[in-house]
Student: 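Before I ask anything, here is the structure I am working with.
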Amino acid sequence: MTLTQLRAFLAIADIGNMTRAAERLHVAQPALSKTLANLEQELGVALFDRQGRRLQLNAFGKVLLERSKRVFSELEQAKQQLTDMASNNAGHVTVGVTTSQILPNIFVDYLSQHTDVKFKLFQVAGRYEIARQLRDGVFDLCITSCRLHNCRVTTLSQNENCSPKSYS
């Protein structure tokens with residue numbers, strides 16, 4: 001399985017139409033059809049249910065879609081890590097949050113004392129999605145009011161001393 005095949009698969013899955021997916025990828029439709037056919041042959045399963053010109057992911061396709069997204073997420077993280085290393089800019093922290101209302105209070109003191117650290121913040125809807133992205137390494141840490149299961153986490157309640165200084 002190649003990255004080209006996975007990119008083609010992702011475009012088809014996203015659009016649901018071979019012709020429009022080919023247009024998005026700037027390739028000929030027959031070439032895209034052949035790429036998908038080769039991928040399905042290599043995997044030994046059909047990835048789509050064909051309904052006329054409409055392509056709908058089947059159970060096999062849904063599994064590959066989820067895994068493919070992880071592959072490209074990992075590649076993007078690798079690219080970012082290499083860029084950071086090359087520019088000697090390793091002080092980036094990626095943070096996922098379910099609510100951004102508490103962020104100023106948490107980061108203000110820390111950032112004033114650690115000017116070399118940069119935070120990238122992403123707001124995520126829902127505890128299941130933020131837990132998945134934390135487990136997948138999309139985030140270095142997350143801040144949420146929801147309890148996360150199946151994650152290695154440290155939980156701080158409002159009753160504990162949660163001042164930014166306690167994070168240093």
Side-chain angles (χ1 to χ4, degrees), residues 1-87 89-104 107 118-153:
M1 182 177 345
T2 67
L3 290 177
T4 300
Q5 288 173 321
L6 288 180
R7 279 191 187 97
F9 166 75
L10 288 172
I12 298 165
D14 183 44
I15 296 172
N17 179 280
M18 193 69 69
T19 302
R20 289 194 309 244
E23 289 170 359
R24 176 190 283 181
L25 294 171
H26 306 289
V27 299
Q29 187 271 328
L32 184 59
S33 294
K34 181 71 172 163
T35 300
L36 177 61
N38 288 342
L39 177 60
E40 289 178 325
Q41 182 178 4
E42 181 180 333
L43 296 174
V45 295
L47 299 169
F48 295 93
D49 292 328
R50 285 139 173 98
Q51 302 162 345
R53 292 179 182 241
R54 182 89 180 124
L55 298 170
Q56 186 73 28
L57 281 175
N58 62 25
F60 297 111
K62 289 176 183 176
V63 168
L64 184 60
L65 178 65
E66 187 64 33
R67 298 290 181 142
S68 297
K69 286 180 179 180
R70 289 183 195 165
V71 166
F72 283 102
S73 175
E74 283 291 321
L75 289 173
E76 191 58 38
Q77 288 176 45
K79 179 181 173 186
Q80 184 62 53
Q81 185 175 0
L82 294 175
T83 300
D84 290 346
M85 288 173 65
S87 66
N89 194 9
H92 281 85
V93 179
T94 306
V95 182
V97 298
T98 54
T99 179
S100 59
Q101 295 172 342
I102 61 171
L103 291 179
F107 292 116
K118 304 289 185 236
F119 285 91
K120 296 179 188 174
L121 303 175
F122 297 91
Q123 189 159 359
V124 178
R127 69 179 175 170
Y128 297 110
E129 182 62 18
I130 202 166
R132 183 189 66 75
Q133 291 185 21
L134 181 64
R135 278 192 309 271
D136 292 348
V138 174
F139 303 129
D140 297 312
L141 67 99
C142 72
I143 300 171
T144 177
S145 60
C146 306
R147 183 168 192 82
L148 301 180
H149 299 286
N150 299 323
C151 289
R152 293 184 345 178
V153 298

Student: Taking the side chain as C-beta and beyond, is there a heavy-atom pair between L3 and L75 under 4.5 Å?
Tutor: yes

Student: Please report the shortest heavy-atom distance between L55 and R50, naming the atom on each side.
Tutor: CD2-CG, 3.1 Å

Student: What closest approach, in Å, do A11 and L25 show between heavy atoms, and which atom pair accounts for it?
Tutor: CB-CD1, 3.7 Å

Student: Return the CG to CG distance between L6 and L39, rounded to the nearest 0.5 Å.
Tutor: 6.5 Å

Student: Report yes if some heavy atom in the side chain of L65 is under 4.5 Å from a heavy atom in the side chain of L10; otherwise report no.
Tutor: yes

Student: Hey, mind stepping through S73 and Q77 against side chain to side chain donor-acceptor pair (under 3.5 Å) and telling me if it holds?
Tutor: CA-CA 6 Å; S73 175; Q77 288 176 45; 3.2 Å; yes

Student: With rounding to the nearest 0.5 Å, note down the distance linking CZ in F60 to CG in D49.
Tutor: 10.0 Å

Student: To the nearest 0.5 Å, what is the distance between CZ on F72 and NZ on K79?
Tutor: 12.0 Å

Student: For residues I15 and R54, report the shortest heavy-atom separation together with the two atoms involved.
Tutor: O-NH1, 3.0 Å

Student: Would you compute the distance between atom CD1 of I12 and atom OG1 of T35 and round it to the nearest 0.5 angstrom?
Tutor: 8.0 Å

Student: Does the side chain of N58 come within less than 4.5 Å of F48's, by heavy atoms?
Tutor: no

Student: Side chains of Q29 and S33: is there a donor and an acceptor less than 3.5 Å apart?
Tutor: yes

Student: Tell me if a side-chain donor or acceptor on S68 pairs with a main-chain N or O of L64 at a distance below 3.5 Å.
Tutor: yes

Student: Roughly how far, to the nearest 0.5 Å, is the CZ atom of R53 from the CZ atom of R20?
Tutor: 10.5 Å

Student: Could you tell me the separation between the CD atom of E40 and the CD atom of Q5, rounded to the nearest 0.5 Å?
Tutor: 10.5 Å

Student: Is any side-chain heavy atom of R70 less than 4.5 Å from a side-chain heavy atom of E66?
Tutor: yes

